[in-house]
Q: 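Sharing a structure below in structure tokens format, with a few things to ask.
Numbers restart at 1 for each chain; the letters A, B, ... are given by sequence-line order, proteins then strands. For the numbers below, each heavy atom of this structure counts, side chains included, while hydrogens, waters and symmetry mates do not. Here the structure is a predicted model, which is why all the values come from computation and not from measurement.
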2 protein chains.
Amino acid sequence: MGSPQQRYQQILCKLRESNHKLTPQRLAIIDILVHSRSHPTVEAIFEMLQEDFPTMSLATVYRNVVLLKSLGEVLEIGFPDGSNRYDGNKPYPHPHAICVRCKKIVDPDLRALGNLTAQVRQRTGFKILTHRLDFFGVCRDCLQSENQTKGVGR
Amino acid sequence: MGSPQQRYQQILCKLRESNHKLTPQRLAIIDILVHSRSHPTVEAIFEMLQEDFPTMSLATVYRNVVLLKSLGEVLEIGFPDGSNRYDGNKPYPHPHAICVRCKKIVDPDLRALGNLTAQVRQRTGFKILTHRLDFFGVCRDCLQSENQTKGVGR
DNA sequence: CAGATATTGATAATCTTTATCAAATAATAA
DNA sequence: TTATTATTTGATAAAGATTATCAATATCTG
Ligand SMILES: [Zn+2]
Ligand SMILES: [Zn+2]
Ligand SMILES: [Zn+2]
Ligand SMILES: [Zn+2]
């Protein structure tokens, strides 16, 4: 739902609406978030910015990610070990497939989630606001290299 | 799948099999985990133990939870803010409904998750090992008190 | 009971995220 | 363009949860 360019403009709108300033650092962070498909960490974003912004502070990345989260323009995929990841392409809840080996995260196309939410509401009485669905496994690349190491592959 | 008593014995079996000692502290932690339905935090377990074990160290609770996790006998429901919760009744993946207000966590009965895993495998090529499904919302109790505050309720 | 090993308690270390604050910058209007 | 004001930045300290360390203690086996 929206190209990186569209997402970029949409986020700029939100920022202007909420009277936030458009600093070069902020724009660069947004640029990375909407163009990256890898669900980067704050650290990864920070490193990608080193070239263009050698004086960029890590705190600035954290602050802007928090801001974009509060505006509903970035989805946080948080983990208990602190290796949090961010999706600026799809800021709404969606399932993820996570490789436990290389930590790759991809967005699988899935249907049939809406009725699950309805079921939960019925059985618990909760008013459901959002959800999170993660599948943990081993990606194709890692499966392949695993087989090569074991001498099973061709 | 199994009463608290059965779970308790099952975990003791696993510990004996893996040559772990059955200390009073360890047994008390397991007792709390299999009898609690509230998905307690480490801190909560620690506080529940204060009465019977005034000298119990917080590190001991952490260590034993880690051990039981590694034995597959407790399910960790981790959150990025560090408010991790533990389920000793159902150590296998299952959906949770989480109240964002009072932090209550309950186990809703849900079906139709098996085919989702198959779908993810098909579309991503991942070998899926486990999953996690959380629904975030407001529980019945909190909805009620919310309405009372607003003067909407009877 | 004795010996070997694992566990505990106390505390330091680690690591990610948040808070702090002076200096710098963006937005706005004169 | 410049001045004014509020926001943002960079650097660093602080916070908070989990893990590591290590001497003392307790368990298990025989
Ligand atoms: Zn992988
Ligand atoms: Zn995603
Ligand atoms: Zn509640
Ligand atoms: Zn549960």
Q: Is there a side-chain hydrogen bond (donor to acceptor under 3.5 Å, both in side chains) between Asn89(A) and Arg37(A) once you walk through the steps?
A: CA-CA 7 Å; Asn89(A) 295 289; Arg37(A) 205 117 292 189; 2.9 Å; yes

Q: Whole angstrom is fine here: how far is it from CG in Asp81(B) over to P in dA19(C)?
A: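 Value for this atom pair: 13 Å.
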
Q: Can you see which heavy atom on Cys139(A) is nearest to which on Cys102(A), and at what distance?
A: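 So the minimum-distance heavy-atom pair works out to SG-SG, 3.9 Å.
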
Q: Look at the aromatic rings of His131(A) and Phe135(B) and report parallel, tilted or perpendicular, splitting at 30° and 60°.
A: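 His131(A) and Phe135(B): tilted rings.
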
Q: Whole Å only: how far is the CG atom of Leu58(B) from the P atom of dT8(C)?
A: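 Between P of dT8(C) and CG of Leu58(B): 13 Å.
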
Q: Say whether Asp107(A) and His94(A), considering side chains only, have a donor N or O and an acceptor N or O under 3.5 Å apart.
A: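 The answer is yes; a qualifying pair exists.
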
Q: Counting heavy atoms not belonging to Lys69(A), are there more than 12 under 6.0 Å from its NZ?
A: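 Atom NZ in Lys69(A) is crowded, with more than 12 foreign heavy atoms closer than 6.0 Å.
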
Q: Provide, to the nearest angstrom, the distance between the CZ atom belonging to Arg26(B) and the C1' atom belonging to dG9(C).
A: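 Rounding to the nearest Å, CZ of Arg26(B) and C1' of dG9(C) are 14 Å apart.
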
Q: Indicate whether OP1 or OP2 belonging to dT8(D) is found under 4.0 Å from a side-chain N or O atom of Asn64(A).
A: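 The answer is no; no side-chain N or O of Asn64(A) sits under 4.0 Å from OP1 or OP2.
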
Q: Quick one: Tyr62(B) OH to dT14(C) C1', roughly how many Å, whole number?
A: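 Distance check: Tyr62(B) OH to dT14(C) C1' gives 14 Å.
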
Q: Near DNA chain D, counting only heavy atoms under 4.0 Å, which residues of residues 37-56 of chain B show up?
A: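 Output list: empty, so none.
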
Q: Validate the cation-pi geometry between Arg26(A) and Tyr8(A): distance from NZ or CZ to the six-membered ring centre under 6.0 Å, angle to the ring axis within 45°.
A: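 Checked: cation-pi criterion not met.
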
Q: Within the 4.0 Å limit for protein heavy atoms, which parts of nucleotides 20-30 of chain D are touched? Write it as a string from 5' to 3', B for base, S for sugar-phosphate only, - for none.
A: BB----BBS--

Q: Please tell me which of Leu67(A) and Asn84(B) maps to the more 5' nucleotide of DNA chain D, matching each residue to the nucleotide holding its nearest heavy atom.
A: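 Looking at the nearest nucleotide for each, Leu67(A) comes out on the 5' side.
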
Q: Listing request: all side-chain hydrogen bond (donor to acceptor under 3.5 Å, both in side chains) pairs with a residue in residues 44-60 of chain A, at least two apart in sequence or in separate chains.
A: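 Qualifying pairs, neighbours excluded: Thr60(A)-Arg63(A).
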
Q: Strictly below 4.0 Å: does Gln25(A) bring a side-chain N or O up to OP1 or OP2 of dG10(D)?
A: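 Yes, within the criterion.
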
Q: Are Asp134(A) and Arg132(A) close enough that some pair of their side-chain heavy atoms sits under 4.5 Å apart?
A: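 Yes, their side chains come closer than 4.5 Å.
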
